[in-house]
Amino acid sequence: MYVMILGAPGSGKGTQGKLLAEHLGIPQVSTGDLLRAAVRDGTPLGRQAKGYMDQGLLVPDDVIIGLIREILDSAGARSGVLMDGFPRTVPQAEAVDRLLAAKHAKVDHVALLEVDEAELVKRLLGRAAKEGRSDDNLQSITQRLKVFHEQTAPLIAYYERQGVVRRVPGMGDIDAIQQRLRKAVAA
Ligand code: B4P
């Protein structure tokens, strides 16, 4: 099963994705986590990505598509993956479709977490206070929300044409949201 969690920064992709992947028995893969690990380890990928991430910009598609290919070709991904934070642009989505088609697979569900903008900012500033992630500051958060509306939101129409979008209200209690998500991908 190939499931994608789509939502604005702070919508709960990472939080909910982890729980949903455990429930479905498939690995959760987050491009954000992989990029942050690469930055921490000072790899060539990390050195390329850091400036974009800190400014709240997307890392260029050609870099990410190589990473997505590695993820989908990995042994752990054979029976499915929960995609957290990717694809984030239409070219990335087209690449995912091509790579899955080569395995006679497709994206089964796109769970769209819907959260008010004021709540998104509140959550990310809350995480900044706790974890100090370098892109959780007001300037970068504002930029990430703009990037979401301009570059990632068009994916909703892209996947609606495939009939796989499941809209899930993402406000409120983490467990309640998880129950809604489980129902949405079981339908
Ligand atoms: P990501 O790591 O994907 O970061 P994110 O959008 O901020 O979401 P995240 O999953 O971390 O947070 P969540 O909503 O779960 O990307 C970071 C950067 O990496 C991007 O800006 C970009 O530069 C780069 N990147 C990643 N993937 C890319 C791609 N495919 N292409 C190009 N560039 C890419 O949680 C946020 C906070 O809310 C947490 O503190 C959490 O505890 C809290 N929270 C969650 N649910 C809650 C709830 N129900 N109530 C209260 N708080 C809640």
Side-chain angles (χ1 to χ4, degrees), residues 3-21 28-40 45-72 81-97 99 107 110-155 158 168-181:
V3 178
M4 179 192 157
I5 305 248
L6 180 61
S11 58
K13 298 185 297 288
T15 309
Q16 296 294 339
K18 182 172 180 291
L19 298 169
L20 186 62
Q28 172 206 24
V29 182
S30 155
T31 39
D33 286 350
L34 292 172
L35 292 169
R36 276 185 291 279
V39 170
R40 235 179 359 254
L45 171 65
R47 286 197 295 276
Q48 250 180 313
K50 186 174 178 2
Y52 295 102
M53 295 174 77
D54 284 350
Q55 287 178 67
L57 299 173
L58 294 180
V59 177
D61 281 338
D62 55 340
V63 176
I64 294 290
I65 289 170
L67 185 62
I68 292 175
R69 184 175 300 116
E70 273 177 42
I71 294 168
L72 295 179
V81 168
L82 185 135
M83 294 176 253
D84 162 4
F86 77 93
R88 235 148 153 137
T89 63
V90 171
Q92 290 184 22
E94 289 167 346
V96 167
D97 281 351
L99 291 163
V107 174
V110 173
L112 174 62
L113 284 172
E114 298 184 304
V115 176
D116 296 348
E117 198 132 322
E119 170 73 10
L120 297 173
V121 175
K122 189 175 135 212
R123 287 183 190 176
L124 293 171
L125 290 177
R127 182 168 65 187
K130 270 190 264 163
E131 296 174 21
R133 220 172 89 173
S134 61
D135 59 346
D136 283 343
N137 57 75
L138 196 52
Q139 195 183 359
S140 170
I141 292 168
T142 308
Q143 179 62 35
R144 280 150 69 200
L145 289 170
K146 183 166 174 272
V147 165
F148 173 76
H149 291 300
E150 290 176 0
Q151 298 188 55
T152 306
L155 288 185
Y158 178 90
V168 176
M171 303 280 289
D173 181 68
I174 289 176
D175 291 337
I177 298 166
Q178 180 61 206
Q179 294 313 316
R180 282 179 221 141
L181 263 174

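Nothing fancy with the numbering, it's 1 onward along the sequence. Counting starts at 1 for both ligands and their atoms, in listed order. Fair warning: this is a prediction, and the values are worked out from it, not measured in the lab.
Listed by chain and number, the residues in a side-chain contact (heavy atoms from CB on, under 4.5 Å) with Asp62 are Pro60 (sequence neighbours excluded). For Ala93, the side-chain contact (heavy atoms from CB on, under 4.5 Å) criterion is met by Pro87, Leu155, Tyr158, Tyr159, not counting sequence neighbours. Thr15 pairs by the side-chain contact (heavy atoms from CB on, under 4.5 Å) definition with Ile174, not counting sequence neighbours.
No hydrogens or angles considered: nothing links the side chains of Ser140 and Asp135 as a donor-acceptor pair under 3.5 Å.
Looking at Ser11, its side chain never comes within 3.5 Å of a backbone N or O of Val115 through a donor-acceptor pair.
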N/O pairs closer than 3.5 Å, ligand 1 and protein:
residue, atom, partner, partner atom, Å
ligand 1, 2 (O), Arg36, NH1, 3.0
ligand 1, 2 (O), Arg36, NH2, 2.9
ligand 1, 3 (O), Arg88, NH1, 3.0
ligand 1, 3 (O), Arg88, NH2, 3.3
ligand 1, 4 (O), Arg133, NH2, 3.3
ligand 1, 6 (O), Lys13, NZ, 2.7
ligand 1, 6 (O), Arg88, NH2, 3.2
ligand 1, 7 (O), Arg127, NH2, 3.3
ligand 1, 7 (O), Arg133, NH2, 3.4
ligand 1, 7 (O), Arg144, NH2, 2.7
ligand 1, 8 (O), Lys13, NZ, 3.4
ligand 1, 10 (O), Gly14, N, 3.0
ligand 1, 11 (O), Arg127, NH1, 2.9
ligand 1, 11 (O), Arg133, NH1, 3.1
ligand 1, 12 (O), Arg127, NH1, 3.1
ligand 1, 14 (O), Gly10, N, 3.3
ligand 1, 14 (O), Ser11, N, 3.2
ligand 1, 14 (O), Gly12, N, 2.6
ligand 1, 14 (O), Lys13, N, 3.4
ligand 1, 15 (O), Lys13, N, 3.4
ligand 1, 15 (O), Gly14, N, 3.0
ligand 1, 15 (O), Thr15, N, 3.2
ligand 1, 15 (O), Thr15, OG1, 3.1
ligand 1, 16 (O), Arg88, NH2, 3.2
ligand 1, 23 (O), Leu57, O, 2.7
ligand 1, 27 (N), Thr31, OG1, 2.8
ligand 1, 27 (N), Gly85, O, 3.4
ligand 1, 27 (N), Arg88, NH1, 3.4
ligand 1, 30 (N), Thr31, OG1, 3.4
ligand 1, 30 (N), Gly85, O, 3.2
ligand 1, 30 (N), Gln92, OE1, 3.0
ligand 1, 31 (N), Gln92, NE2, 2.9
ligand 1, 33 (N), Val59, N, 3.1
ligand 1, 49 (N), Arg123, NH2, 3.4
ligand 1, 49 (N), Gly172, O, 2.9

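Gly17 approaches Ile5 most closely through the heavy-atom pair CA-CD1, 4.0 Å.
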